[in-house]
Amino acid sequence: MAEFRISSDDSGDLDMRRLAADLVESQGWPRDQVSIWQNRGGGDVVVTVEPALLERRAPDPLAASVHTRSDVHRACETLRRSDPSLRGVDFAQLRDEAARFFSAGWTLGDLLHALGHRHDGTAWPQGEGYEGVEWLQHRLRNWKSESGDIRPSVSQEGAQMRVVGRIGLPDDLGAGAGETSAAPQRAASPATALAAADDARRLMRAQSHTTSDALEHRDRTASHITRRRH
């Protein structure tokens, strides 16, 4: 086991265990492979980690962001190799459809998941007759809202759930206008929850720092990406 120690001269003002837990989470280490314990009477915390977690690993291409034109091209080539139903789809059409989702922050792994599963997790049928551009568009349409907005991908939903699990939800989530926290709590309707998630996602995009590659991709695609109703 690898071991490191976290200490501070101002330990009385810091939750050292929480600080260590935040560090573990920021590294993406599974909690069952990490131990955190605090010395009795001391202001330091010891963290033990499985050595395999510290090994440098090559980036996962399925989890990487897709920004530039060349990134999109390579991702679409991988899509065609991975999904037999795409082999008869014109490459330009595949690229145009995929680019819309990549610009929404989807990864290659997210798009592969969407081509294999509905938004509710049900697997799409495969085989003869389930192929071509119309079948591609039909599957991707399932991952759009009624207004045509692209829904969160499976990895984005997973990230949102981790945040919710860590910080919780506001007490008044789903309450009607004018209601206070003392009013009886009601669960938000699916439409309200979805709208809130969409608004939050747009706000995070607007306030987040964007790389030059992402800006280049956004400027290049914004002029010809239109919202279509299906």
Side-chain angles (χ1 to χ4, degrees), residues 28 57-162 190-191 193-195 197-198 201-202 204-205 208 210-230:
R57 300 177 182 178
D60 182 0
L62 296 181
S65 299
V66 181
H67 293 308
T68 65
R69 184 184 296 273
S70 58
D71 289 340
V72 174
H73 187 93
R74 287 193 296 269
C76 289
E77 288 181 334
T78 302
L79 284 173
R80 293 190 74 172
R81 290 194 300 268
S82 304
D83 189 338
S85 71
L86 300 177
R87 291 172 186 168
V89 177
D90 179 75
F91 190 82
Q93 289 180 300
L94 172 60
R95 184 185 58 221
D96 290 345
E97 292 289 341
R100 295 182 175 89
F101 288 81
F102 291 142
S103 65
W106 283 41
T107 66
L108 176 57
D110 290 330
L111 204 50
L112 283 170
H113 176 83
L115 293 178
H117 302 81
R118 299 175 185 269
H119 183 252
D120 62 6
T122 306
W124 288 110
Q126 300 178 7
E128 186 177 355
Y130 297 102
E131 54 193 18
V133 67
E134 291 184 357
W135 180 236
L136 165 66
Q137 294 171 342
H138 174 74
R139 286 178 288 175
L140 295 183
R141 193 180 306 131
N142 184 256
W143 286 84
K144 297 179 182 179
S145 68
E146 293 182 358
S147 62
D149 289 328
I150 295 174
R151 298 179 183 274
S153 67
V154 64
S155 69
Q156 289 171 335
E157 287 182 337
Q160 291 170 356
M161 290 304 296
R162 286 193 294 273
L194 178 59
D198 288 342
R201 189 167 63 257
R202 294 190 190 97
M204 286 188 290
R205 287 181 191 166
S208 63
T210 310
T211 64
S212 58
D213 282 346
L215 286 172
E216 177 187 354
H217 178 70
R218 181 186 300 173
D219 291 341
R220 184 172 58 249
T221 58
S223 60
H224 66 266
I225 291 180
T226 57
R227 178 179 294 178
R228 296 179 299 175
R229 292 181 179 273
H230 297 287

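Keep in mind the model is a prediction, meaning the values are calculated, not measured.
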Side-chain (Asp110) to main-chain (Ser155) donor-acceptor, under 3.5 angstrom: yes
Over all atoms of both residues, closest heavy-atom pair of Phe102 and Leu111: CZ-CD2, 3.7 Å
Set of residues satisfying salt bridge (Lys or Arg N to Asp or Glu O under 4.0 Å) with respect to Arg74, sequence neighbours excluded: Asp71
Trp124 side-chain N/O to Gly116 backbone N/O, donor-acceptor pair under 3.5 Å: no
Exercise: identify the closest heavy-atom pair between Glu157 and Pro152: CG-CB, 3.7 Å
Side-chain touch Lys144/Phe101, heavy atoms, less than 4.5 angstrom: yes
Spatial distance of atom NE2 (His117) from atom CZ (Arg139) [nearest 0.5 Å]: 12.0 Å
Non-neighbouring partners of Arg81 that pass side-chain hydrogen bond (donor to acceptor under 3.5 Å, both in side chains), sequence neighbours left out: Thr78
Where Arg80 and Leu86 come nearest, the two heavy atoms and their spacing: NE-O, 3.6 Å
Sequence-distant partners of Ser82, side-chain hydrogen bond (donor to acceptor under 3.5 Å, both in side chains), two or more places apart: none
Contacts of Arg95 that satisfy salt bridge (Lys or Arg N to Asp or Glu O under 4.0 Å) - sequence neighbours left out: none
Partners passing ring-ring contact (aromatic ring centres under 6.0 Å, His included) against His119 (at least two apart in sequence or in another chain): Trp143
Gln93 atom CD, over 12 foreign heavy atoms within 6.0 Å: yes
Validation row: His73, Glu77 side chains within 4.5 angstrom (heavy atoms): yes
CA sep, side-chain torsions, deciding dist, call: Ser85, Tyr130, side-chain contact (heavy atoms from CB on, under 4.5 Å): CA-CA 7 Å; Ser85 71; Tyr130 297 102; 5.8 Å; no
Sole residue of Val72, Asp83, Leu136 in side chain to side chain contact (heavy atoms under 4.5 Å, CB included) with Leu94: Leu136
Atom pair CD/CZ of Gln156 and Arg151 - distance to nearest 0.5 Å: 13.0 Å
Heavy-atom pair with the smallest gap, counting every atom of Ala63 and Thr107: O-CG2, 3.5 Å
Derivation of the side-chain contact (heavy atoms from CB on, under 4.5 Å) call for Asn142 and His138: CA-CA 7 Å; Asn142 184 256; His138 174 74; over 6 Å; no
Distance-minimising heavy-atom pair for Ala75 and Leu108: O-CD1, 3.6 Å
Trace of the side-chain contact (heavy atoms from CB on, under 4.5 Å) decision for Leu112 with Leu79: CA-CA 7 Å; Leu112 283 170; Leu79 284 173; 3.5 Å; yes
Glu97 side-chain N/O to Leu140 backbone N/O, donor-acceptor pair under 3.5 Å: no
Contacts of Asp90 that satisfy side-chain hydrogen bond (donor to acceptor under 3.5 Å, both in side chains) - sequence neighbours left out: none
